[in-house]
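Reading through the structure tokens given below for one structure.
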Amino acid sequence: MSISSGDTAWILISSALVMLMTPGVALFYGGMVRRKNVLSTLMMSFAALGLVGLLWILYGYSLSFGPDIGGLLGRLDFIGLRGVGQEPSPVYASTVPHLAFMVFQGMFAIITVALITGAVVERIKFSSLLLFSALWLTFVYAPVAHWVWGDGGWLAELGALDFAGGTVVHICAGVSALALALVLGPRKGFRDGQPMEPHNIPMVMLGAGLLWFGWFGFNAGSALTSGGLAASAFVATNASAAAAAFTWMVLDWIYRRPTMLGTATGAVAGLVAITPAAGFVSPMMGIPIGMGAAVVCYYCMLFRMRRQIDESLDVWAVHGMGGTWGAIATGVFASVAVNSAGANGLLMGNVLQLGKQMAGVAAVWLFAFGATWVLAKLVEVTLGVRVSGMEETVGLDIAQHGERAYGGALR
Amino acid sequence: MSISSGDTAWILISSALVMLMTPGVALFYGGMVRRKNVLSTLMMSFAALGLVGLLWILYGYSLSFGPDIGGLLGRLDFIGLRGVGQEPSPVYASTVPHLAFMVFQGMFAIITVALITGAVVERIKFSSLLLFSALWLTFVYAPVAHWVWGDGGWLAELGALDFAGGTVVHICAGVSALALALVLGPRKGFRDGQPMEPHNIPMVMLGAGLLWFGWFGFNAGSALTSGGLAASAFVATNASAAAAAFTWMVLDWIYRRPTMLGTATGAVAGLVAITPAAGFVSPMMGIPIGMGAAVVCYYCMLFRMRRQIDESLDVWAVHGMGGTWGAIATGVFASVAVNSAGANGLLMGNVLQLGKQMAGVAAVWLFAFGATWVLAKLVEVTLGVRVSGMEETVGLDIAQHGERAYGGALR
Amino acid sequence: MSISSGDTAWILISSALVMLMTPGVALFYGGMVRRKNVLSTLMMSFAALGLVGLLWILYGYSLSFGPDIGGLLGRLDFIGLRGVGQEPSPVYASTVPHLAFMVFQGMFAIITVALITGAVVERIKFSSLLLFSALWLTFVYAPVAHWVWGDGGWLAELGALDFAGGTVVHICAGVSALALALVLGPRKGFRDGQPMEPHNIPMVMLGAGLLWFGWFGFNAGSALTSGGLAASAFVATNASAAAAAFTWMVLDWIYRRPTMLGTATGAVAGLVAITPAAGFVSPMMGIPIGMGAAVVCYYCMLFRMRRQIDESLDVWAVHGMGGTWGAIATGVFASVAVNSAGANGLLMGNVLQLGKQMAGVAAVWLFAFGATWVLAKLVEVTLGVRVSGMEETVGLDIAQHGERAYGGALR
Amino acid sequence: MKKIEAIIREEKLEPVRKALEDSGYFGMTISEVSGRGRQKGIPLQWRVGEYRVDFLPKIKIELVVLDDDVPQTVHAINASARTGDMGDGKIFILPVENAIRVRTGEAGEKAI
Amino acid sequence: MKKIEAIIREEKLEPVRKALEDSGYFGMTISEVSGRGRQKGIPLQWRVGEYRVDFLPKIKIELVVLDDDVPQTVHAINASARTGDMGDGKIFILPVENAIRVRTGEAGEKAI
Amino acid sequence: MKKIEAIIREEKLEPVRKALEDSGYFGMTISEVSGRGRQKGIPLQWRVGEYRVDFLPKIKIELVVLDDDVPQTVHAINASARTGDMGDGKIFILPVENAIRVRTGEAGEKAI
Ligand SMILES: Nc1ncnc2c1ncn2[C@@H]1O[C@H](COP(=O)(O)OP(=O)(O)O)[C@@H](O)[C@H]1O
Ligand SMILES: Nc1ncnc2c1ncn2[C@@H]1O[C@H](COP(=O)(O)OP(=O)(O)O)[C@@H](O)[C@H]1O
Ligand SMILES: Nc1ncnc2c1ncn2[C@@H]1O[C@H](COP(=O)(O)OP(=O)(O)O)[C@@H](O)[C@H]1O
């Protein structure tokens with residue numbers, strides 16, 4: 001097939017939108033930490049734009065999307081973008097340049113790494129985080145992406161559906177975040193209930209706004225063409241985000257007050273949950289999926305806090321559990337009437353699909369948790385993972401980066 | 001007709017751009033209030049993304065764009081997006097999926113509700129605002145959108161032109177903001193001249209920047225195709241924004257100094273005024289329209305302040321009067337040479353069009369003011385509209401949302 | 001040829017992306033100045049959106065892209081957009097409306113003017129800056145744009161390659177910034193080593209994020225069609241930004257610590273350097289170009305500081321020298337296999353191209369420096385260029401704009 | 001000369017300022033402080049959780065007056081800052097040995 | 001009555017607060033200040049350069065106590081704020097002539 | 001020991017700091033305050049309107065010195081902070097009963 005200028009425009013702008021999500025995550029997280037750690041938090045996401053941006057074109061794309069090796073990994077044929085050119089790929093996205101498909105996928109890899117960092121803010125050593133990120137991209141993200149989206153990947157073959165990354169991006173990031181946080185241990189003072197007040201909630205809202213905006217590229221862009229399916233995924237995405245934001249706000253209200261932080265978090269939870277489903281379910285199904293996401297993530301967050309686990313910014317609760325709910329909900333609500341390349345779900349009488357979805361979820365949970373744990377331990381015994389107690393007290397901005405966020409005449 | 005991938009890409013990205021305008025409005029307004037009310041202000045816009053996002057797909061779209069009932073309202077055929085699918089609508093935007101047209105329109109509804117909130121910051125009860133928003137969307141926005149844009153709407157039939165929402169969005173929002181502010185009454189201390197200094201003007205600039213950016217989707221997206229007309233509307237939009245920003249800056253300078261806040265406000269005024277005209281006038285006409293907008297809005301704002309009306313962030317002066325000027329200017333500058341689906345205006349010798357524009361303006365003014373007044377009174381007698389004096393003093397962030405924007409070790 | 005809806009969608013959204021870069025620059029610069037000058041800094045960029053936005057459609061476009069006069073300038077045929085309509089231009093971008101091409105180019109002119117302001121923050125008189133900007137657009141930008149991109153421009157005829165503005169935008173802005181800063185002189189206290197701590201580094205990161213995002217429109221949009229070439233330029237752009245951000249971070253680390261400010265600066269340097277090359281080199285060449293950019297700009301910045309030149313925010317080091325490196329690198333890495341409208345570079349055995357690139361660089365350096373110096377002196381003897389010492393001490397926000405950025409109950 | 005240091009509620013700055021002005025005291029210095037006392041902190045929310053902020057925002061007013069003016073100023077502040085609820089704040093009176101007006105170099109009572 | 005003004009490290013606020021609370025002193029006022037002393041400033045980075053920030057962030061604790069309580073409070077602060085490195089801060093003791101509780105108007109010792 | 005409290009213009013911090021350093025006084029604590037006095041506030045703009053900000057940003061310098069050093073420090077501040085226009089600020093001198101250096105626990109004159 002030949003290149004469509006409309007489809008290409010859509011994939012390129014979608015790639016740019018997904019790129020913007022990484023600064024969006026930086027701000028979303030950066031506003032939630034204490035003033036002394038904001039640059040460190042921003043830096044962790046921003047550095048992913050550099051590091052993962054490079055590794056992806058060097059070998060990451062090939063590991064994920066290269067010719068299949070036993071359903072598990074891609075061959076290194078595309079190393080250094082060899083053979084990835086201005087013509088469409090023979091197997092992926094047949095109406096856009098192979099390079100466009102490659103870079104769209106690259107933006108997903110970058111943000112997935114950035115997402116994890118929410119678990120480890122305010123105490124991780126920056127050098128260790130970089131090392132971990134490189135290892136994780138190679139040994140966790142790339143294989144999982146291949147399983148689910150690679151031509152011949154075993155989960156794809158099995159028929160597990162993941163439209164835009166519910167398993168690859170969100171479960172992967174959320175579960176790995178949990179494992180990494182467990183290895184790293186809690187922040188000083190966390191267990192004593194020392195308040196760790198977010199230092200800038202408008203920054204969080206700005207981050208959430210950019211995420212919502214960028215997510216249209218993430219989900220509707222995953223149609224890989226510009227037409228009915230992209231429009232359907234777009235509407236489903238917005239519906240789920242709206243439903244989840246609203247539901248979280250109501251939950252907040254039932255317990256206390258409707259907060260900005262909660263509403264923004266709810267929006268993100270809704271966007272996460274619709275991700276695997278966006279192009280497989282009818283747009284109105286965004287509403288139950290979003291509402292469910294808010295409820296699931298809300299109580300998972302509560303559970304996490306009760307267990308005194310310092311998975312600091314709730315990557316597991318929002319992305320891990322939101323992604324899990326979304327992947328399962330895909331098995332419930334999917335319909336071939338929406339996307340003939342998809343499948344019917346439980347509501348259309350196909351109980352099998354739900355099983356496939358669960359298999360996919362289980363596989364990714366186990367693999368991501370286990371592999372991340374091993375990698376984290378590896379980094380721990382080599383570089384060490386935490387800054388010193390004194391550095392933690394002083395704040396990572398000064399201790400690790402030699403900067404402070406808000407300079408001035410006096411402070 | 002069949003779906004064009006180029007047109008669809010353009011409408012989808014335009015929808016995303018218009019979505020981003022709502023966080024943009026949040027920041028634009030949020031920077032202008034006092035520190036103790038910033039989250040509350042952000043929340044009012046952000047909540048519209050949730051609430052209106054849901055109501056629109058549930059029934060709002062159908063009320064506005066459903067099959068015509070006597071020119072006044074749409075029938076509920078499209079309730080819950082029934083019949084709104086991946087194929088083009090038979091009557092609207094024939095080259096893009098019906099879902100894309102629907103969601104593009106939905107983003108307009110969301111931001112219109114968000115715009116109004118500028119009138120009521122720092123004192124409205126959050127629950128009442130939500131109730132009001134839902135009522136207003138149903139009883140004011142949906143009918144007016146039908147009149148002007150709905151197939152068979154009476155203003156459309158009359159031939160009143162509104163390319164991208166000068167009447168539907170801006171006059172509606174601005175006039176309703178005035179009515180609501182009058183019911184609500186001024187902030188404590190407003191009449192005593194207590195200074196209510198904007199707490200973060202860089203945030204205002206960021207908001208204005210995002211609005212300008214998003215407005216290209218708003219106006220050029222309203223061409224509903226990607227081609228000459230969209231390009232023409234794009235250029236007219238930028239010309240008007242530039243002219244108005246510059247003119248406002250000069251006015252500021254004549255009286256005192258050229259301010260950032262004024263220049264940003266001017267840009268928004270220019271964007272508002274070109275909205276109804278963008279695709280009906282030749283691009284260079286953006287200059288007089290923008291210059292006129294700055295002058296009109298500047299003096300209306302002065303008038304509003306002299307009258308001691310606490311329509312706090314000047315939604316009426318900027319959106320209401322800017323929209324009014326733009327709608328009238330459309331009747332002056334329109335030309336069928338630009339858009340054959342439009343009409344000629346006064347300058348092309350068609351005085352009648354000016355009359356139609358004025359009829360449209362008058363109808364929307366009267367209806368929006370009256371209906372909003374009734375709805376606001378309704379909310380007042382049921383939930384009440386204002387927070388208590390103590391809550392107002394403490395600030396709405398803590399009082400209504402249990403949060404503070406800028407937490408820290410000490411404050 | 002006729003209009004392509006896909007190409008048009010791509011150019012329109014690219015124009016919007018480039019527009020967003022100007023608020024992006026505002027924030028990038030605004031975060032780096034002291035609190036008392038942030039509005040003034042933002043205002044300098046924002047005002048360019050107004051001023052240059054107007055001048056461009058009035059006569060700037062015509063000077064740059066009007067019918068050629070001796071290779072040096074465009075004729076005034078397009079004054080007031082006469083003859084610039086919804087149909088494609090006969091000579092530029094044959095598949096998109098002439099208006100779209102015009103506005104895309106206009107966004108470049110705006111940001112180029114905004115870029116220069118980084119050199120003169122915290123001390124320039126606002127009125128003088130506006131006068132200078134208008135003169136500079138007319139007498140420096142417009143001619144250089146014609147030389148390089150105008151139909152018949154002498155550098156275009158010579159065969160010097162500049163895909164998206166390495167010479168026109170970045171060398172021009174950077175070299176002019178240096179000349180202007182030399183005329184203006186250093187900030188009070190600069191030579192005594194008074195610390196001028198950036199007041200808000202998260203704002204810098206946000207600006208850099210928006211720049212990176214917008215740069216996809218800048219570079220990939222410069223393909224002027226949506227297809228393989230755009231995708232290739234997109235990937236090269238991201239590769240260079242990633243490589244430069246990462247390299248700068250490492251340089252920072254070697255000397256001290258890896259900083260957020262440095263990494264953001266590195267990203268911008270990489271984006272600058274790939275600009276002239278993006279559509280002429282194979283995407284992987286983004287890596288050496290980006291790495292080179294970080295090294296070149298880093299040491300140029302060091303040199304600038306050692307020489308005690310207060311070119312305050314390093315427009316010369318990053319844009320001037322980054323652009324120079326990129327223009328030369330284009331002559332090294334270019335390949336007709338990527339773009340048949342381009343040329344082969346040194347690595348493909350064509351040493352001549354390197355010579356052409358150097359000729360282009362030298363011409364623009366000399367002209368921009370000389371002409372800017374003259375214009376700056378002209379402004380100095382008429383309006384004066386600096387604020388008074390007292391105004392500088394108080395800060396330009398209050399002194400020139402009558403505002404303060406962060407108001408509040410107390411401060 | 002005495003220095004009056006009053007710690008008051010943020011929202012009472014305006015009335016106190018006015019009361020002092022009405023009594024003829026114009027010059028003063030204020031700053032943002034955080035205080036803790038009988039008034040318990042406020043609970044704030046953190047997504048699904050809650051945390052208590054111990055230190056609440058207060059305004060500190062510093063005002064140097066002649067010895068004879070102390071009762072009057074204290075009264076003015078006291079009356080205008082009171083709500084009757086916990087957290088109304090404190091007024092402290094400290095001795096001052098000398099004052100200098102920078103502009104003129106005048107010292108002592110003339111400097112106030 | 002005396003006023004204790006302690007300038008401490010930011011990160012010592014928590015231990016000092018606790019030490020004072022354990023000794024029975026709950027009410028206090030704190031503020032963000034910047035200080036300079038034997039401790040040299042910190043070097044911060046500016047792109048390729050470096051600059052030194054002379055004034056470092058400190059917390060100022062203000063606490064009015066009865067004369068008899070002075071030794072105990074000073075001891076509590078001193079012990080909990082110390083690291084032994086330069087920059088630990090200072091404690092100053094100033095005389096206070098009177099104190100008033102705004103809420104009740106009570107003056108003198110009862111007001112503390 | 002005395003405590004010198006100087007309220008000065010923001011832009012005078014640098015010269016005052018230098019003047020004190022030249023006279024041998026290095027240690028000090030500063031903070032951002034807002035002041036009101038003879039100097040009228042500044043008018044700021046609000047879109048089409050104007051409002052007056054009553055309280056202007058000032059810097060407060062706190063410096064504890066030995067009794068004998070008071071004249072010299074006051075002189076240094078006074079000379080370097082003066083512009084001659086309204087709003088130059090004030091210097092107040094308060095008695096201090098004791099000072100403690102947290103790092104060592106030293107008290108009295110040695111602690112300064
Ligand atoms: N002993 C003290 N020393 C210094 N400041 C104090 C002291 N006690 C209270 N304060 C200040 O006074 C404020 C009000 O005190 P609080 O006990 O809450 O009020 P009330 O006395 O009206 O009940 C506190 O927030 C704190 O700033
Ligand atoms: N003479 C002084 N007057 C007022 N504050 C002082 C004085 N000397 C030091 N300080 C304050 O105490 C802090 C710690 O002083 P420093 O000399 O660094 O500590 P140390 O005495 O432990 O070496 C300073 O940052 C400053 O805020
Ligand atoms: N009585 C006072 N008590 C405390 N601070 C004062 C007093 N009078 C003036 N100040 C402080 O001194 C600053 C300068 O006072 P002002 O009267 O404007 O200066 P000048 O005496 O040079 O005319 C004020 O902004 C305020 O911070």
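As the structure is a computational prediction, the values presented were derived from the model and not from experiment. Order of the sequence lines sets the chain letters (A, B, ...), proteins ahead of strands, with each chain counted from 1.
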Which answer fits B/Thr259, side chain, backbone, both or neither, if we ask what part of it has an atom under 4.5 Å from a heavy atom of chain C?
both
Is it the side chain or the backbone of B/Ala230 that comes within 4.5 Å of chain C heavy atoms, both, or neither?
both
Among the listed options B/Arg256, B/Lys36, B/Met284, the residue most often paired with chain C at heavy-atom distances under 4.5 Å:
B/Met284
Which residue out of B/Gly286, B/Ala243, B/Ser5, B/Ala241 racks up the most heavy-atom pairs below 4.5 Å with chain C?
B/Ala243
Heaviest contributor of heavy-atom pairs below 4.5 Å to chain B, chosen from C/Asp397, C/Val84, C/Val103, C/Leu210, is C/Val103
Among residues 52-64 of chain C, residues within the sub-4.5 Å heavy-atom range of chain B, in order of number, are C/Gly53, C/Leu54, C/Ile57, C/Leu58
B/Gly270 backbone acceptor or donor facing B/Ser240 side chain under 3.5 Å:
yes
Would a distance-only check, ignoring hydrogens and angles, find a side-chain to backbone donor-acceptor pair under 3.5 Å from C/Gln86 to B/Val338?
yes
Partner set under side chain to side chain contact (heavy atoms under 4.5 Å, CB included) for B/Met196, not counting sequence neighbours
B/Arg34, B/Glu122, B/Arg187, B/Phe190
Examine whether an atom of B/Trp215 lies under 4.5 Å from a heavy atom of chain C, and if so say whether it belongs to the side chain, the backbone or both; otherwise answer neither.
neither
Is the closest side-chain heavy-atom distance between B/Thr95 and B/Trp10 below 4.5 Å?
no
Sub-3.5 Å donor-acceptor pair from the side chain of C/Thr117 to the main-chain atoms of C/Val113, do we have one?
no
At a 4.5 Å cut-off on heavy atoms, which part of B/Phe216 comes close to chain C: side chain, backbone, both, or neither?
side chain
Go through the atoms of C/Thr22 and report whether side chain, backbone, both or neither lie under 4.5 Å from a heavy atom of chain B.
neither
Would you call the rings of B/Tyr255 and B/Tyr298 parallel, tilted or perpendicular, where under 30° means parallel and over 60° means perpendicular?
parallel
Is the distance between the ring centroids of B/Tyr406 and C/Tyr406 under 6.0 Å?
no
Side chain, backbone, both or neither of B/Val204 within contact of chain C (heavy atoms, under 4.5 Å):
neither
Based on non-hydrogen pairs under 4.5 Å, which of C/Gly402, C/Ala16, C/Gly50, C/Ser15 is most in contact with chain B?
C/Ala16
Between C/Ile13, C/Leu130, C/Leu27, C/Asp7, which residue shows the highest count of heavy-atom pairs closer than 4.5 Å to chain B?
C/Ile13
Flag side-chain contact, heavy atom, 4.5 Å: C/Ser133 against C/Leu129:
yes
Is any side-chain N of the basic residue among C/Arg404 and B/Glu197 closer than 4.0 Å to the acidic one's carboxylate O?
yes
Examine distances only and state if a side-chain atom of C/Tyr92 and a backbone atom of C/Phe65 form a donor-acceptor pair shorter than 3.5 Å.
yes
Looking at every heavy atom in both B/Val272 and B/Gly322, which two are closest together, and how far apart are they?
CG1-C, 3.6 Å
Out of B/Trp253, B/Phe213, B/Phe246, which one racks up the most heavy-atom pairs below 4.5 Å with chain C?
B/Phe213
Answer with side chain, backbone, both or neither: which region of C/Met19 has an atom nearer than 4.5 Å to a non-hydrogen atom of chain B?
side chain
For B/Glu392, is there any backbone N or O sitting under 3.5 Å from a side-chain donor or acceptor partner on B/Lys188?
no
Hey, is the main chain of C/Val33 close enough, under 3.5 Å, to the side chain of C/His199 for a donor-acceptor pair?
yes
Side chain from CB out, backbone as N, CA, C, O: work out which of these in B/Asn238 comes under 4.5 Å of a heavy atom of chain C, or both, or neither.
side chain
If one checks every heavy atom of C/Ala399 against chain B at 4.5 Å, the contacting part turns out to be backbone
With sequence neighbours excluded, tell me which residues meet side chain to side chain contact (heavy atoms under 4.5 Å, CB included) with B/Val336.
B/Asn344
Any sub-3.5 Å donor-acceptor pair from B/Asn37's side-chain atoms to B/Leu396's backbone N or O?
yes
Nearest non-hydrogen partners of C/Lys125 and C/Arg386, listed with the distance:
CD-O, 3.7 Å
Please classify the contact of C/Ser226 with chain B as side chain, backbone, both or neither, using a heavy-atom distance under 4.5 Å.
neither
With chain C as the partner chain, list the residues of residues 260-268 of chain B whose heavy atoms fall under 4.5 Å from it, by residue number, and write 'none' if nothing qualifies.
B/Met260, B/Leu261, B/Thr263, B/Ala264, B/Ala267
Tell me which of these, B/Thr225, B/Val235, B/Thr8, has more heavy-atom pairs under 4.5 Å with chain C than the rest.
B/Val235
How far apart are the closest heavy atoms of B/Leu42 and B/Ala26, and which atoms are they?
CD2-O, 3.2 Å
Side chain, backbone, both or neither: which part of B/Pro258 has an atom under 4.5 Å from a heavy atom of chain C?
both
Keeping the roles fixed (side chain from C/Thr138, backbone from C/Ala134), state whether a donor-acceptor pair exists under 3.5 Å.
yes
Heavy-atom pair of closest approach, residues B/Ile11 and B/Ala100:
CG2-O, 3.8 Å
Side chain, backbone, both or neither of C/Pro23 within contact of chain B (heavy atoms, under 4.5 Å):
both
Under 4.5 Å, counting heavy-atom pairs only, tell me which of B/Ser282, B/Ala231, B/Gly290 racks up the most with chain C.
B/Ala231
